[in-house]
Structure formats: C-alpha cells, structure tokens
Protein chains: 2
Amino acid sequence: MTDPTGDFDLQDFLPYLLNQAAEATSRGFQAAYRDRYGFTRTQWRVLANLGKFGAMTARDICAISHIEKTKVSRAVAALEQAGMLARAPSPTDGRAELLSLTDRGRAVFADLGGLALAFDRQLRAMLGEGDAGQLVALLRRLAEAAPPGEAAGD
Amino acid sequence: MTDPTGDFDLQDFLPYLLNQAAEATSRGFQAAYRDRYGFTRTQWRVLANLGKFGAMTARDICAISHIEKTKVSRAVAALEQAGMLARAPSPTDGRAELLSLTDRGRAVFADLGGLALAFDRQLRAMLGEGDAGQLVALLRRLAEAAPPGEAAGD
DNA sequence: CTTGTATAGTTGCTAATGCAACCAAGTCAA
DNA sequence: TTGACTTGGTTGCATTAGCAACTATACAAG
C-alpha cells in the first residue's frame, strides 16, 4: 500500500490475460484456415456465421458477431472472389444484399467446422468439462457487460 | 449428430469467445492510454513491464510478456522518442541495451497504472471475486498450455 | 413529391502488424 | 586468431485493421 502504482502488475491485468489466452488459442487454430485456404481471421468468421445461420445480410453478420462493417465488407468480397459466397439483392431492401455460401463455401465450412470442433474439444478437455463451462459463462458475461461499442476489433 | 458440421457454432468456439471478451475489455481501457498519451497497446505494455520490473533488455521484455521482437523494438523507439524511456549499453553484452523509464516515463506509468488498477477492480467486481480468481487461473492455464510459439501477436 | 435524415455497404488513407532478411556482437572450438 | 554458428536488435515490405468520408437506397413528415 506504500506506492499505489507499484501495485499494478500487467501480468494480473484481466484485459492482458484475456488477450494472451485469446492469442494463444487463436494462433493454434489459425493454421487451419490460413494454411489450408489462405483465409484471414475475419474471413473464417464470416464463413462460419453464414455456414451456421444460412443466408443473411452483412448487417446481420455484424450484429451477430460484432465484427466491424468494413472488415465484413472486405471479407465478403474476398470470399466471393474465391467462389465461396454469393450475393443476391435483398427482395425487401434495395440497399442490402443477401449473402449465402456456395456449394464450395459449404464444403469449406464443413471442413473447417470439423477441425474447429475437434480443436475446441481438445481445449475443453485440457481444462476439464466443468471448468470449460465456467470459462464460457464468464467470457460471455465479460463480453456483454463491456460491449465493444458498435464493433469489435479483431 | 446428423451432420457433424452443423454442430459447429462459432458462438461456442473458445478462441472466438476469448477474443470477444479480450476485445471488449481491452477496448475499455484503450481509451486511457490512447487518448491520454497516444500509445499503442504494445507501447502501453512495454511501459507497464518496465514500470513494474525496472531496467531490463528488450529481450527480457519479450520473454516476460510474450510480445514479438519487432513490436517491442518499435514500441521502445516510440517511447524513447516521447522521452519516457532511456537506453543504456549493457555492461555485460555489447549487443543488448538496458532499457529503463525516465522520470516522465515513471510518471506516466503511475498515472496509467492507477487507472488500470481501478479498471481491473471494476471488472473483477462485476464478476465477483471468486469467479474472477477462477477466470485468471483458467486463462493462465490456457496461455501456457497453448504457447504462442516464440511470440504473441497482439 | 420533395426534403431531411437514417441505414447498407464500399472505398481511401494512415497506422499497426507479421514475417523474413539483415547487421553486429557474442560463443565455442580448433 | 580464425571461422562457423547463435543471439540481440532493427529494418523493409506486404497485409490487415481502424476510422472517416462517400454512394445509394429507405423512410418519415410536411
């Protein structure tokens, strides 16, 4: 209690610890989508959301995944170029576009989804099921309690 | 169990959840170092480590904080330029430099350290002390179990 | 119907990252 | 001492993120 600033230790700082853990685990899976398909993290996430939820607009993706507009926009462009995603004009809104995966996109999602599932199971096994569940619950609380404004950086 | 890929939900994927929580909390504190001092996250971390542990080499910082060489290098240059950090040739190794905070650097660390401490307490209070402790333990396990190779991206 | 404002999505510019290549100083062995 | 190899640190280049400005459509009020 002598020097208040001396009390601060980065190694105990929650945002720091969260970043370290996020980095470490994300890196592990990055190899899957990067080496196999040349994806960026955002591209993988957009693909994953479309794969899970089916056709929707870019705006929906933003809302669901808290990824920034521009990142989604560019990821969509890249996925489209790679022939994994198709755009269709929204029947109800002339501005919006309905995004959906092509057959190829779905195949890729099946592949990566399988790997992701396996990877996730490994992580959870490492922690133990009970602890893993706890962790998920805590992370959800943090994420929603400290909402990333409009968007979340990556 | 019908379609294995249909089982995968990004919203339950640990790396994703970790990133979301990390983003959300990091963003919250980013305002402190960015708006007040124009720091980048790496600069803040380097400053924090030097503030906590005193003089050391860039290599030490890398080892302690798992930040990449080049990021540390650039952060050090920026902090030096801002007059918050000084380099001294290492007495024992001609390649290395001993890095330390200047008075100004220490003052800034005192300021940000105080804010960080307060911010962290808020987060922990939000979770409850017990849960916060659990979370820290789990994050440490994840970070060390999935070591980011040599370096951690940011 | 036209004027004002909000929203979907894209683009441009700058800053920050990641990786590999690069110096310079140390180490170790003959 | 010389020569092969490691290690601390920096730099260059290509990629990505972040923010603000922009286009085009939608909606709402007069």
Side-chain angles (χ1 to χ4, degrees), chain A residues 19 22-24 26-27 30-31 33-35 37-46 50 55-81 85-99 148-154, chain B residues 19 22-23 26-27 30-31 33-35 37-46 55-82 85 87-99 148-154:
Chain A
N19 267 296
E23 270 309 317
S26 291
R27 286 267 179 171
Q30 183 180 43
Y33 56 75
R34 197 191 52 184
D35 297 352
Y37 300 103
F39 284 168
T40 198
R41 188 141 74 192
T42 309
Q43 285 170 43
W44 147 242
R45 287 190 185 169
V46 167
L50 283 173
M56 56 186 178
T57 71
R59 201 206 155 281
D60 295 331
I61 297 181
C62 291
I64 290 179
S65 63
H66 303 285
I67 304 177
E68 230 201 353
K69 266 168 105 180
T70 70
K71 286 205 294 194
V72 170
S73 175
R74 292 191 232 249
V76 164
L79 289 171
E80 184 187 29
Q81 184 127 23
L85 177 152
R87 309 179 194 235
S90 161
T92 70
D93 187 333
R95 295 165 299 181
E97 298 175 302
L98 265 183
L99 308 172
E150 270 298 292
D154 190 48
Chain B
N19 267 296
E23 270 309 317
S26 291
R27 285 266 179 174
Q30 182 180 43
Y33 56 77
R34 197 190 52 186
D35 296 353
Y37 300 104
F39 284 168
T40 198
R41 188 142 72 193
T42 308
Q43 285 169 44
W44 147 241
R45 288 190 185 169
V46 167
M56 57 186 176
T57 71
R59 203 208 155 284
D60 296 331
I61 298 181
C62 290
I64 290 180
S65 63
H66 302 287
I67 305 176
E68 231 201 350
K69 266 167 112 183
T70 71
K71 285 206 294 195
V72 170
S73 174
R74 292 190 234 250
V76 164
L79 289 171
E80 183 188 27
Q81 184 126 25
L85 177 152
R87 309 180 194 236
S90 161
T92 71
D93 188 333
R95 295 165 298 181
E97 299 176 302
L98 265 184
L99 309 171
E150 271 298 292
D154 190 57

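First the proteins, then the strands, lettered A, B, ... as listed; each starts at 1. Given the structure is predicted, the values throughout are model-derived calculations rather than measurements. Atoms considered below: every heavy atom in the structure, side chains included; atoms not considered: hydrogens, waters and symmetry mates.
- Applying the 3.5 Å distance criterion, the base of C:dG26 shares no donor-acceptor pair with the side chain of B:Arg59.
- Side-chain atoms of B:Lys71 and B:Thr40, non-hydrogen and from C-beta on, never get closer than 4.5 Å to each other.
- Sequence order on DNA chain C of the closest nucleotides to B:Thr92 and A:Leu99 puts A:Leu99 first from the 5' end.
- For the pair B:Gly94 and B:Gln43, both in contact range of DNA chain C, the more 5′-proximal nearest nucleotide belongs to B:Gln43.
- OP1 and OP2 of D:dG9 both lie 4.0 Å or more from every side-chain N or O belonging to B:Thr70.
- Side-chain proximity of A:Thr40 to D:dC19, D:dA17, C:dG9: nearest is D:dA17.
- Across the protein-nucleic acid pair, A:Ile64 atom CD1 and C:dA8 atom P stand 14 Å apart, rounded to whole Å.
- Side-chain to base pairing of A:Arg27 with C:dG18: no donor and acceptor N or O lie closer than 3.5 Å to each other.
- Mapping B:Val72 and A:Arg74 onto DNA chain D via the closest heavy atom, the residue that lands nearer the 5' end is B:Val72.
- Between A:Lys69 atom NZ and C:dT11 atom C1' there is a gap of 11 Å when expressed in whole angstrom units.
- Residue side chain B:Arg87 does not reach the base of D:dG8 through any donor-acceptor N/O pair under 3.5 Å, judged by distance alone.
- Regarding A:Arg95, its CZ atom lies at a distance of 7 Å from the P atom of D:dA26, rounded to whole Å.
- No option in A:Arg45, A:Met56, A:Lys69 other than A:Met56 meets the side chain to side chain contact (heavy atoms under 4.5 Å, CB included) test with A:Ile61.
- Counting to the nearest Å, the P atom of D:dG18 and the CD atom of A:Glu68 are 6 Å from each other.
- For B:Arg41 against D:dG18, no side-chain N or O and base N or O form a donor-acceptor pair under 3.5 Å.
- B:Glu80 places its CD atom 13 Å from the C1' atom of D:dG9, with the value rounded to the nearest Å.
- Taking atom NZ of B:Lys71 as the reference point, atom C1' of C:dC19 lies 13 Å away to the nearest angstrom.
- At a threshold of 4.5 Å between non-hydrogen side-chain atoms, the residues A:Pro91 and A:Leu98 count as touching.
- Rounded to an integer number of Å, the gap from B:Ile67 CD1 to C:dT17 P is 10 Å.
- If you check the side chains of B:Ser90 and B:Asp93, you find no donor sitting under 3.5 Å from an acceptor.
- When each of B:Val46, B:Val76, B:Asp60 is paired with B:Leu99, the side chain to side chain contact (heavy atoms under 4.5 Å, CB included) condition holds for B:Val76 and for no other.
- Backbone-only contact: B:Thr57 has heavy atoms under 4.0 Å from sugar-phosphate atoms and none from a base.
- In terms of phosphate contacts, A:Ser73 brings a side-chain nitrogen or oxygen within less than 4.0 Å of OP1 or OP2 of C:dT10.
- Regarding B:Phe39, its CZ atom lies at a distance of 12 Å from the P atom of C:dA16, rounded to whole Å.
- Of the candidates D:dA17, C:dA25, D:dC19, D:dA17 carries the atom nearest the A:Thr42 side chain, counting heavy atoms from C-beta on.
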